[in-house]
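Below is one structure, written out as structure tokens; comments come after it.
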2 protein chains.
Amino acid sequence: MIEPGTRRHAIDMVASELFHTNGYAATSVRDIAKALDIQAASMYAHVASKEDVLWSIVDGAATAFERRADDALGDASATDPVDRLAALVEAHVEVITADPQRSSVFVTEWRHLSPERRSAISDRRDAYEARFRTAIEDGIAVGAFGATDPALAATFLLTALNGIATWYRPDGRLSADRIADHYVDLALRSLSEDHR
Amino acid sequence: MIEPGTRRHAIDMVASELFHTNGYAATSVRDIAKALDIQAASMYAHVASKEDVLWSIVDGAATAFERRADDALGDASATDPVDRLAALVEAHVEVITADPQRSSVFVTEWRHLSPERRSAISDRRDAYEARFRTAIEDGIAVGAFGATDPALAATFLLTALNGIATWYRPDGRLSADRIADHYVDLALRSLSEDHR
DNA sequence: CCTACCGATCGGTAGG
DNA sequence: CCTACCGATCGGTAGG
């Protein structure tokens with residue numbers, strides 16, 4: 001973990017914003033350094049490479065999603081599949097709205113990681129998505145959700161959820177809490193029994 | 001419109017794939033030229049700039065979405081708000097699965113366009129999203145959909161829909177038709193009356 | 001954290 | 001569509 005308040009931490013915050021706005025490949029080490037008012041070469045006193053900066057952002061975001069999902073599923077109330085899915089959706093929205101730049105870099109820039117790191121993230125994403133899929137499967141099994149393709153439904157929900165990172169603004173029309181409430185509702189309804 | 005079969009068209013197809021896989025900024029003019037077995041300088045006999053290639057891909061995708069939505073709404077059966085939304089969702093999925101690379105470039109790479117082109121695309125996206133929002137509003141007004149925030153619901157659906165461009169593979173487990181059917185279902189259910 | 005610098009690569013042009 | 005080339009910028013290193 002990187003200590004808040006350190007220069008290393010400031011690098012990640014500044015880089016998150018630049019990678020979010022312009023993308024990793026279109027952001028130069030000089031851009032990051034300029035935002036910190038230091039020389040480009042001085043960046044290398046704190047990081048070994050530009051890719052290491054991307055990695056710490058992506059790894060930090062992945063860890064945040066995993067921890068919040070653990071907490072959400074750890075609650076005693078989360079034995080019911082519907083409650084479990086609701087808790088997962090709420091946790092996911094909260095992680096995104098707490099740091100939309102980092103989240104959007106996680107969602108969109110991981111292809112610029114080295115093959116090893118990319119595949120490690122891919123595995124963690126699969127495990128994370130499996131929590132959603134399992135909650136959906138269990139909900140169908142007990143008749144709380146309508147029959148559907150659980151893997152596809154999980155992907156449907158997670159892409160909608162991740163989309164928040166691309167459009168959310170802290171000063172926007174809806175607060176993070178309201179968005180979370182609405183998305184939990186939309187998610188649960190999308191899995192409800194047939195609407196006809 | 002660019003004639004299929006021409007070199008100019010081949011440039012767009014090759015560039016779509018490279019921009020989709022590596023991103024616009026991480027793809028060089030030399031990468032595109034190499035895939036076409038010509039020299040980088042020869043590219044400029046066909047295009048004025050790298051950004052022009054991105055523009056023709058993004059503009060082509062935007063036009064495809066607009067046309068298919070027009071067709072979908074032009075059908076006589078599409079006076080009912082629920083049918084209208086279903087037709088919009090189906091059309092959107094079909095445009096994406098017909099050319100996922102172009103669609104994903106449209107969704108993720110428009111920030112690399114010039115400010116004028118970016119704002120033109122932003123306006124067209126807003127108009128396109130308004131069709132979804134209006135169908136949702138009308139559906140709520142006639143009691144076919146449950147009460148919800150129409151703008152947020154439209155964003156929820158469109159981000160889920162656009163996500164298809166990032167994961168769809170023609171040789172995947174589900175055919176394009178099956179995906180469209182499932183997504184229409186998920187979309188309509190997500191807007192249904194309260195599930196409790 | 002700085003100055004000074006490196007080889008590689010970038011988008012694009014000139015002239016055929 | 002090619003060869004030859006341009007100035008700018010890239011990620012990163014040496015040495016303090």
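Just so it is clear: chains get the letters A, B, ... in the order the sequence lines come, proteins before strands, and each one is counted from 1.
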Numerically ordered, the residues 43-60 of chain B set in heavy-atom contact under 4.0 Å with DNA chain D is A45(B), H46(B)

Using heavy atoms and a sub-4.0 Å distance, could you list which residues of residues 10-37 of chain B are near DNA chain D? By number, please. none

With a 3.5 Å cut-off and sequence neighbours excluded, list the donor-acceptor pairs that the side chains of residues 36-48 of chain A form with protein atoms.
none

Is any side-chain N of the basic residue among [X] and [Y] closer than 4.0 Å to the acidic one's carboxylate O?
| X | Y | result |
| --- | --- | --- |
| K50(B) | D31(B) | no |
| E137(A) | R133(A) | yes |
| R117(A) | E51(A) | yes |

Is it true that S56(B) and R8(B) share a donor-acceptor pair across their side chains at a distance under 3.5 Å?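 On atom types as modelled, these side chains qualify, holding a pair under 3.5 Å.
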
Would you grab the first and last nucleotide of DNA chain D (5' to 3') that comes under 4.0 Å of any non-hydrogen atom in chain A?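 Span of nucleotides near chain A: dC10(D) to dT13(D).
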
Looking at F106(A), does the NZ or CZ of R125(A) lie under 6.0 angstrom from its six-membered ring centre and within 45 degrees of the ring axis? yes

Just to verify, what does Y183(A) make a ring-ring contact (aromatic ring centres under 6.0 Å, His included) with, not counting sequence neighbours? F156(B)

Would you sketch DNA chain D in dot-bracket for me? Only Watson-Crick or G-U wobble pairs with both distances under 3.5 Å count, crossing pairs as [ ], other-strand pairs as |, the rest as dots. ||||||||||||||||

Scan A40(A) against the nucleic acid and name what it touches under 4.0 Å (heavy atoms): base, sugar-phosphate only, or nothing. nothing

